[in-house]
There are 2 protein chains.
Amino acid sequence: MQPICIIFRIMTKSAKIAQWTDDETAAWTSLVRANQHLLQSVETALKEKDLPPLTWYDVLWELEKARPRGLRLNDLGSRTLLDKYNVTRLVTRLEKEGLARRMNCPGDARGIIALITPKGSRLRKRMWPVYSRTVREEFFSRLSQGEIASLRKLLGRVLNAPNPAPGRKSAKSV
Amino acid sequence: MQPICIIFRIMTKSAKIAQWTDDETAAWTSLVRANQHLLQSVETALKEKDLPPLTWYDVLWELEKARPRGLRLNDLGSRTLLDKYNVTRLVTRLEKEGLARRMNCPGDARGIIALITPKGSRLRKRMWPVYSRTVREEFFSRLSQGEIASLRKLLGRVLNAPNPAPGRKSAKSV
DNA sequence: GCATATTGGTTGCATTTGCAACGAGGGGGG
DNA sequence: CCCCCCTCGTTGCAAATGCAACCAATATGC
């Protein structure tokens with residue numbers, strides 16, 4: 001009724017979305033910073049022991065789990081959230097180090113299957129304690145089990161929401 | 001008493017740290033993935049509107065807040081969690097686009113102060129709605145206010161914990 | 001069956017990042 | 001004042017990343 005109300009209405013049209021509460025701001029920055037800090041710690045710890053970066057671990061781990069049949073590069077990419085050109089080059093590098101190898105895909109002539117080698121397995125096993133211990137020290141040990149569970153729930157909610165892709169929303173890729 | 005117990009004891013010596021519960025694993029991967037997904041969404045949204053990447057926003061925003069006295073490159077780096085060589089180059093790029101400028105630091109001849117220009121301010125203002133809306137849609141809107149608050153609390157705990165000495169796991173760092 | 005789109009993977013090029021070394025300036029102890 | 005060491009910012013070089021074009025193989029439409 002009063003002018004102020006009208007102004008408020010008009011403002012909210014465009015500004016309401018743009019305004020964040022204190023909690024929202026802090027939650028967002030904490031998320032970004034916590035993640036960055038943790039990843040940084042892991043990378044540093046790995047480097048200290050002359051071990052390759054975390055991305056290598058992720059790939060090796062996926063290949064390890066996919067043993068012995070291996071994994072299409074495409075699937076490897078979607079599991080590790082790596083773009084395909086990045087997968088190509090990462091696998092090439094792993095291959096060069098003897099940690100993985102490529103194989104033609106039986107059913108599909110354009111597909112390539114990546115396999116982990118014994119050397120790759122051994123490297124992954126050496127990386128794991130460093131990775132694992134850092135995350136425990138910097139992350140898990142600072143929260144109770146219950147808190148970890150609720151963190152899982154909350155963050156999972158952010159991820160599992162149906163995400164309308166720009167342009168074409170796939171029905172559901174579950 | 002039983003052998004199994006002894007084996008367990010021995011195992012835990014080295015393996016306990018390395019073993020993650022289901023909740024721990026899921027919490028960690030959710031954290032990494034949620035963060036990655038959100039940042040990716042923001043970057044995509046910005047690119048769609050032909051706007052510069054998120055790092056530019058962060059820097060511009062810090063400079064905006066530091067107006068009109070500006071900010072030492074060093075401080076700018078610590079606020080944005082950027083390495084110093086990265087700050088140097090980012091500011092150079094901004095300068096080249098007329099979004100910021102450098103100034104000698106009065107009290108300290110080796111210091112450089114970065115200032116935002118009006119053009120920089122305008123750009124930041126144009127970026128904000130895109131940034132803000134994406135985060136709201138993909139993050140805030142999927143949680144209740146209470147959940148956001150507890151997320152803030154939990155993640156804040158991860159960040160604010162004092163640097164613990166390695167080898168000593170605090171029983172409870174609450 | 002053939003033209004056309006789509007998928008899977010690779011590669012060249014430009015941009016960005018990480019690392020390590022450097023130069024200039026400042027602060028403290030002799 | 002001089003020397004040593006530290007901080008601040010920059011830069012050269014190597015590696016990683018993003019983008020877009022590309023080829024080969026498969027799926028789709030007529």
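Just so we're on the same page: letters track the sequence lines, and every chain starts at 1. Predicted model only: the values in this text are computed from it and were never measured.
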Gly107(B) vs Tyr85(B), nearer the 5' end of DNA chain C by closest nucleotide: Tyr85(B)
Output, in order, the C-alpha distance, side-chain angles, deciding distance and verdict of salt bridge (charged side-chain N to carboxylate O under 4.0 Å, His left out) for Arg142(A) and Glu137(A). CA-CA 8 Å; Arg142(A) 294 175 179 178; Glu137(A) 280 175 8; over 6 Å; no
Measure from the side chain of Arg102(B), starting at C-beta and using heavy atoms only, and say which of dT17(D), dA25(D), dG9(D) lies closest. dG9(D)
5' to 3' contact window, DNA chain C with chain B (heavy-atom distance under 4.0 Å): dT16(C) to dG26(C)
Atom [atom1] of [X] and atom [atom2] of [N]: how far apart are they, to the nearest Å?
X: Asp83(B); N: dC8(D); atom1: CG; atom2: P; answer: 14 Å
X: Leu81(A); N: dT17(D); atom1: CG; atom2: P; answer: 14 Å
X: Leu54(A); N: dT17(D); atom1: CG; atom2: P; answer: 11 Å
X: Asp108(A); N: dA27(D); atom1: CG; atom2: C1'; answer: 10 Å
X: Asn104(B); N: dG9(D); atom1: CG; atom2: C1'; answer: 12 Å
X: Leu76(B); N: dC8(D); atom1: CG; atom2: P; answer: 13 Å
X: Leu90(B); N: dG9(D); atom1: CG; atom2: P; answer: 14 Å
X: Arg72(B); N: dT7(D); atom1: CZ; atom2: C1'; answer: 9 Å

Parallel, tilted or perpendicular: rings of Tyr57(B) and Trp61(B) (30°, 60°): parallel
Sorted by position of nearest nucleotide on DNA chain D, 5' first, the leading residue of Arg110(A) and Leu73(B) is Leu73(B)
Closest-nucleotide ordering on DNA chain D, the 5'-leading residue of Thr55(A) and Lys84(A): Thr55(A)
Within the 4.5 Å heavy-atom criterion, are Ile112(A) and Asn74(A) side-chain neighbours or not? no
Under a 4.5 Å cut-off applied to non-hydrogen side-chain atoms, are Leu46(B) and Met127(B) in contact? yes
Taking only the side-chain nitrogens and oxygens of Asn74(B), find out if one of them lies under 4.0 Å from OP1 or OP2 of dT7(D). no
Would one find a side-chain N or O of Lys47(B) under 4.0 angstrom from OP1 or OP2 of dG18(D)? no
Contacts of Arg67(B) meeting salt bridge (charged side-chain N to carboxylate O under 4.0 Å, His left out) (sequence neighbours excluded), chain-then-number -> Glu64(B)
Walk me through whether Ile116(A) and Leu99(A) qualify under side chain to side chain contact (heavy atoms under 4.5 Å, CB included). CA-CA 6 Å; Ile116(A) 193 169; Leu99(A) 305 166; over 6 Å; no
Report yes if the distance between the aromatic ring centroids of Trp28(B) and Phe140(A) is under 6.0 Å, otherwise no. no
Base of dG18(D) paired with side chain of Arg89(A) (donor-acceptor, under 3.5 Å): yes
